[in-house]
Amino acid sequence: MEALYSIRMRAAKGGSHEIGGRHISGGERLVTEEGLQQYAQQLIDRALHHSRGEADFINITIDRVPPNTIHYIYPLSVESLTCETVMDARQYAVNWLMKEGVSELAARKGINFITHDTTTRGAIIMDASSGERLDDKGIRGVRVSHLDWEEDYWNKWQRREGGSSRVRESIALATKVHLAGSVAELCWSDDPEYITGYVAGNTYCRIPHLKLRGDESGGRVFYVRQPIDLEQYIHFLEQVPVMIRGDE
Ligand code: AMP
């Protein structure tokens, strides 16, 4: 079996994240050696031409993934809601989160967190009942990596369902977050031009208008049920390789 490499990028403006630079963008894939160069180039382009600004710090990390450590899994199934206003969209998000097992209080706390988040570059972990933040990662958050779609399967899936590279990355991430044992996830992008977000649990539910165009807020909340071994949960999200594939 061909070796795979995890490649991930984080970019900031005003210096590195560590010295207080503002997060611009990130990305992660699992690719063959052949694909490394092409994807590194794509990540650099993403960092230099982002609607949040032009990065002046770009960090790219590559490490080899032993093939026998990879988990294979089907993608979550996708639903799309239609709504016209931010208020409706956020109410739908609350309802959907509750359907997945999140309390109304925690759902609203998640929305409130993302509404005011312009700095966190990963996700926060929240108690699905109380809405208390459980991780201590500050503005770094928890960054899910070591995940991707098998290329052939993605091409088939995309022909059937449609979807951009953004959808590709989000469904892979939400599927891994679900596999990790999360109750649900809430996300909208910090890209001011991209206003469709999602709630994921057993299903990945796309919700348009989760924010207004031009708004730079965005982020991710992973809801978990206590008791949970947080260290192990975070290790799985950050380190264990997961590949999306199906039967077709
Ligand atoms: P994006 O969908 O790339 O615009 O990301 C939206 C927000 O989700 C970002 O501002 C981060 O807070 C968070 N995020 C992005 N990528 C990841 C990741 N790989 N793992 C965890 N959180 C992420």
Side-chain angles (χ1 to χ4, degrees), residues 6-13 17 21-31 39 42-43 45-47 49-53 55 58-61 63 93 110-126 133-135 137-149 163-180 182 184-200 204-208 210-224 230 233-244:
S6 159
I7 174 168
R8 44 201 189 276
M9 177 278 288
R10 61 186 167 95
K13 185 174 178 145
H17 298 94
R22 179 171 175 274
H23 181 65
I24 295 292
S25 77
E28 32 276 301
R29 293 280 300 270
L30 278 176
V31 296
Y39 194 59
Q42 277 177 30
L43 287 174
D45 289 345
R46 180 187 292 187
H49 309 288
H50 200 278
S51 44
R52 283 171 63 81
I58 305 172
N59 176 302
I60 292 186
T61 308
D63 57 72
I111 285 180
N112 193 43
F113 172 80
I114 300 182
T115 302
H116 297 103
D117 184 21
T118 53
T119 50
T120 314
R121 65 179 197 267
I124 67 161
I125 301 172
M126 198 176 261
R133 181 172 179 180
L134 299 177
D135 67 278
K137 302 279 184 197
I139 61 164
R140 178 184 177 280
V142 175
R143 189 94 201 169
V144 183
S145 75
H146 295 77
L147 74 167
D148 212 330
W149 294 67
S164 58
S165 61
R166 192 184 280 281
V167 169
R168 171 186 176 138
E169 288 175 18
S170 289
I171 294 179
L173 192 145
T175 302
K176 184 173 182 184
V177 169
H178 181 62
L179 182 65
S182 317
E185 176 191 351
L186 170 67
C187 166
W188 68 83
S189 178
D190 52 11
D191 182 334
E193 297 302 318
Y194 196 75
I195 59 173
T196 297
Y198 66 86
V199 169
Y204 177 98
C205 178
R206 305 187 74 217
I207 308 177
L210 269 171
K211 69 175 188 181
L212 291 173
R213 207 169 290 284
D215 180 352
E216 294 210 346
S217 75
R220 280 186 158 88
V221 177
F222 300 160
Y223 290 98
V224 297
L230 262 196
Y233 174 75
I234 292 172
H235 172 82
F236 183 86
L237 292 173
E238 291 184 340
Q239 303 289 339
V240 175
V242 170
M243 192 65 108
I244 311 293

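By convention here, the first residue in the shown sequence is residue 1. We count ligands from 1, going down the list as the structure has it; atoms in each ligand are counted the same way.
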Which atoms of ligand 1 are found less than 4.0 Å from any heavy atom of V144?
18 (C), 19 (N), 20 (N), 21 (C)
Is there a nitrogen or oxygen of D191 sitting under 3.5 Å from a nitrogen or oxygen of ligand 1?
no
Let me know which of R213, K211, R166 forms a side chain to side chain contact (heavy atoms under 4.5 Å, CB included) with Y194.
R166
Under 4.0 Å to a heavy atom of E28 - the qualifying atoms of ligand 1, by number:
19 (N)
With the threshold set at under 4.0 angstrom, would you say Y194 reaches ligand 1 through any of its heavy atoms?
no
Numbered in order shown, the ligand 1 atoms found under 4.0 Å of a heavy atom of V142 are 20 (N), 21 (C), 22 (N)
Please determine if A123 has a nitrogen or oxygen closer than 3.5 Å to a nitrogen or oxygen of ligand 1.
yes
Does R140 pair with E238 as a salt bridge, N-O distance under 4.0 Å?
yes
If you measure from each heavy atom of G122 to ligand 1, is any distance below 4.0 Å?
yes
Identity and separation of the nearest protein heavy atom to atom 18 (C) of ligand 1:
L173 CD1, 3.5 Å
List every atom of ligand 1 that sits less than 4.0 Å from any heavy atom of S189, numbering the atoms from 1 in the order shown and giving each element.
1 (P), 4 (O), 6 (C)
Relative to the heavy atoms of T120, which atoms of ligand 1 are at a distance of less than 4.0 Å?
10 (O), 11 (C), 12 (O)
To the nearest 0.5 angstrom, please state how far the CD1 atom of I234 sits from the CG atom of L134.
9.0 Å
Is a donor on one side and an acceptor on the other found under 3.5 Å between the side chain of R133 and the backbone of G138?
yes
With side-chain contact (heavy atoms from CB on, under 4.5 Å) as the test, would you mind laying out the steps for V144 and R220 before giving the verdict?
CA-CA 11 Å; V144 183; R220 280 186 158 88; over 6 Å; no
Out of M243, R29, K176, which residue meets the side chain to side chain contact (heavy atoms under 4.5 Å, CB included) rule with H146?
K176
Short list, please: which atoms of ligand 1 are under 4.0 Å from a heavy atom of D190?
4 (O), 6 (C), 9 (C), 10 (O)
Taking C-beta and beyond as the side chain, do V242 and T175 meet within less than 4.5 Å on heavy atoms?
no
Pairwise side-chain contact, I244 with I171, heavy-atom cut-off 4.5 Å (strictly under):
no
Okay, side chain of D190, backbone of P192: is any donor-acceptor separation there less than 3.5 Å?
no
What residue and atom, counting heavy atoms only, is the protein's closest point to atom 8 (O) of ligand 1, and at what distance?
R220 NH1, 3.0 Å
Are any non-hydrogen side-chain atoms of V167 and R206 less than 4.5 angstrom apart?
yes
Examine ligand 1 and decide if any of its atoms is less than 4.0 Å from a heavy atom belonging to S145.
no
Within 4.0 Å of some non-hydrogen atom of W188, the atoms of ligand 1 are 6 (C)
At what distance is the nearest protein heavy atom to atom 7 (C) of ligand 1, and which residue and atom is it?
G219 CA, 3.6 Å
